[in-house]
Amino acid sequence: MKTRTMFARLLTLELQTYWSFPALELVIFTALLSILNNPPFFGGYQQLNSGIYGLGILLQMLIIGVLVPRSFAGSISRRETNVLLSYPTKRTILLASKIAASFLVFFGALSLGVLFNVYLLGVSYFELAPYVLIAVISVQILFLCGLSLFISLLLKNEVLSIFAFLLIMFGLEFNPAATSGFLSNFTQIRSNNVMFQYLTTILYGSKATVTLGDFGIAIGFPLLTGLALIAASFIYFRWVLQLD
Amino acid sequence: MKKLMQLGVILFTIGLSLVVVNLIRNASTFPMTTSTSVPSKKQGSQVFFFRPRDVDIQISSSSALMILIRDPSNATILNAENVTHAAYTLHLEKRGNYNISAYNPTNSTITVNMYLTFYNLENDITQASVVLIAAGIATIIVQKVLDTRLRRKESSA
């Protein structure tokens with residue numbers, strides 16, 4: 001079987017097994033709530049991330065932290081990965097399909113929320129700001145999914161992975177040293193705002209309120225860490241992980 | 001779950017999520033306050049982004065003035081003259097930028113204070129959620145009916 005066909009079949013299987021009712025519905029509910037929860041007094045593209053900046057990112061962290069380990073650690077502990085690997089399936093393709101499925105579900109649901117918000121804030125669908133925000137959210141999903149995936153593969157236990165992920169994320173977000181100043185750029189709550197503000201400032205040609213250095217950290221940390229964790233997960237799953 | 005059923009459940013979920021979102025967004029009736037000075041024989045105007053809700057507007061000024069509120073399609077929804085202290089209740093039909101203008105006919109600069117208290121849910125979100133929930137339930141029912149017919153056909157064959 002060709003690699004592309006195998007990937008497509010595994011992706012479909014993954015979506016049907018782990019991202020169907022009620023997981024998908026829960027993701028949609030959380031995504032809409034996380035983006036639309038906080039109506040600002042003013043309209044306009046500047047307010048597009050007003051919901052995410054507060055409660056939104058916490059909801060996203062919670063839902064990713066709970067549902068992603070279900071697909072990775074859960075499938076290992078329930079021996080479903082062993083069954084799949086008993087067929088002529090490559091480990092790398094199996095992992096890639098799982099990552100793609102998780103990313104697609106969160107990306108789709110959160111994009112739906114942003115597109116709803118575009119209407120609610122009276123912003124045009126032809127403006128660039130909503131798509132900038134979707135790109136910013138994608139970087140954050142990549143980081144959160146990457147971290148959750150790596151922890152799940154290391155621990156191979158669904159419940160432990162959820163706890164470990166949430167502990168790390170809450171440690172990162174609510175570290176007293178990171179509430180303001182340089183370190184705050186590493187938090188997901190602030191990095192969303194910094195990325196969105198900087199990119200829209202450049203696109204709309206208004207005066208910059210965010211420095212290039214802050215933007216570099218805000219985008220570099222989640223993007224590079226997310227990619228590194230996914231790469232490490234591939235290496236670990238392909239060559240190190242022992243499945244009975 | 002069959003595809004039609006899945007679509008129905010997703011539509012229902014989006015509708016239900018919008019109901020919850022609508023309740024959370026509009027739980028607070030925190031008033032919005034605005035204050036502006038209007039020079040003699042001049043008009044001052046401010047533009048606000050309003051959501052389609054009901055609003056109580058309280059106006060107080062140091063002397064009589066003329067107040068005009070226009071909706072996003074530029075239609076006048078409030079036109080009041082000789083206003084010093086007044087309260088109005090408006091039903092905002094549309095989402096968008098509302099223009100509030102005050103004309104000062106007197107010979108001195110006057111200060112106008114406005115207190116806007118919004119209440120009730122946003123109409124358009126409520127309508128969208130009702131449509132989505134109804135569409136979701138209808139799709140689920142269609143799938144159930146199709147399943148029952150298929151089962152009957154199979155049992156009779």
Side-chain angles (χ1 to χ4, degrees), chain A residues 12-13 15-48 50-52 54-56 58-60 63 67 104-106 108-125 127 129, chain B residues 1-34 46-53 55 71-73 92 94-99 116-118 121-129 132-133 136 140 143:
Chain A
T12 315
L13 181 74
L15 288 170
Q16 284 170 348
T17 316
Y18 293 103
W19 299 103
S20 57
F21 183 82
L24 180 64
E25 284 70 18
L26 206 61
V27 173
I28 292 172
F29 176 77
T30 317
L32 290 179
L33 196 63
S34 74
I35 289 173
L36 308 175
N37 68 77
N38 182 24
F41 263 135
F42 305 100
Y45 71 86
Q46 299 93 332
Q47 311 294 330
L48 272 169
S50 61
I52 307 170
L55 172 75
L58 295 179
L59 284 171
Q60 288 168 26
I63 197 77
L67 290 180
L104 276 177
V105 167
F106 288 109
L110 288 163
S111 301
L112 180 76
V114 173
L115 295 178
F116 263 117
N117 212 14
V118 168
Y119 165 74
L120 295 179
L121 290 172
V123 180
S124 165
Y125 283 99
E127 280 197 45
Chain B
M1 210 187 321
K2 300 212 169 130
K3 277 182 183 165
L4 207 57
M5 176 79 101
Q6 216 163 14
L7 177 71
V9 174
I10 288 172
L11 287 175
F12 183 83
T13 309
I14 296 173
L16 200 67
S17 309
L18 289 179
V19 170
V20 176
V21 160
N22 205 358
L23 290 172
I24 291 173
R25 283 166 72 90
N26 301 308
S28 156
T29 52
F30 187 73
M32 178 179 165
T33 309
T34 170
Q46 281 184 306
V47 176
F48 295 99
F49 183 85
F50 289 155
R51 294 175 274 143
R53 302 176 70 189
V55 58
D71 74 3
S73 58
L92 306 176
K94 293 170 187 165
R95 180 182 295 277
N97 291 320
Y98 283 74
N99 190 313
L116 298 112
T117 311
F118 295 90
L121 300 175
E122 291 169 58
N123 292 335
D124 50 358
I125 301 184
T126 311
Q127 284 164 9
S129 49
L132 285 165
I133 288 173
I140 293 167
Q143 176 74 67

Portion of Ser17(B) that has a non-hydrogen atom of chain A nearer than 4.5 angstrom: both
Is [X] in contact with chain B via its backbone, its side chain, both, or neither, using a 4.5 Å heavy-atom distance?
X         : value
Leu112(A) : side chain
Phe116(A) : side chain
Leu24(A)  : side chain

For Thr34(B), side chain to side chain donor-acceptor pair (under 3.5 Å) partners two or more places apart: Gln46(B)
Residue, of Phe12(B), Phe118(B), Phe49(B), Phe50(B), that accumulates the most heavy atom pairs under 4.5 Å with chain A: Phe49(B)
Leu16(B) side, atom CG; Ile28(A) side, atom CD1 - distance, nearest 0.5 Å: 12.0 Å
Considering all heavy atoms, the nearest Leu120(A)-Arg95(B) contact: O-NH1, 2.9 Å
Minimum heavy-atom distance Ile24(B)-Asn37(A), with the two atoms named: CG2-O, 4.0 Å
Close side-chain approach of Leu32(A) to Val20(B), heavy-atom, < 4.5 Å: no
Sequence neighbours excluded, every pair satisfying salt bridge (charged side-chain N to carboxylate O under 4.0 Å, His left out) that has a member inside residues 21-33 of chain B: Arg25(B)-Glu122(B)
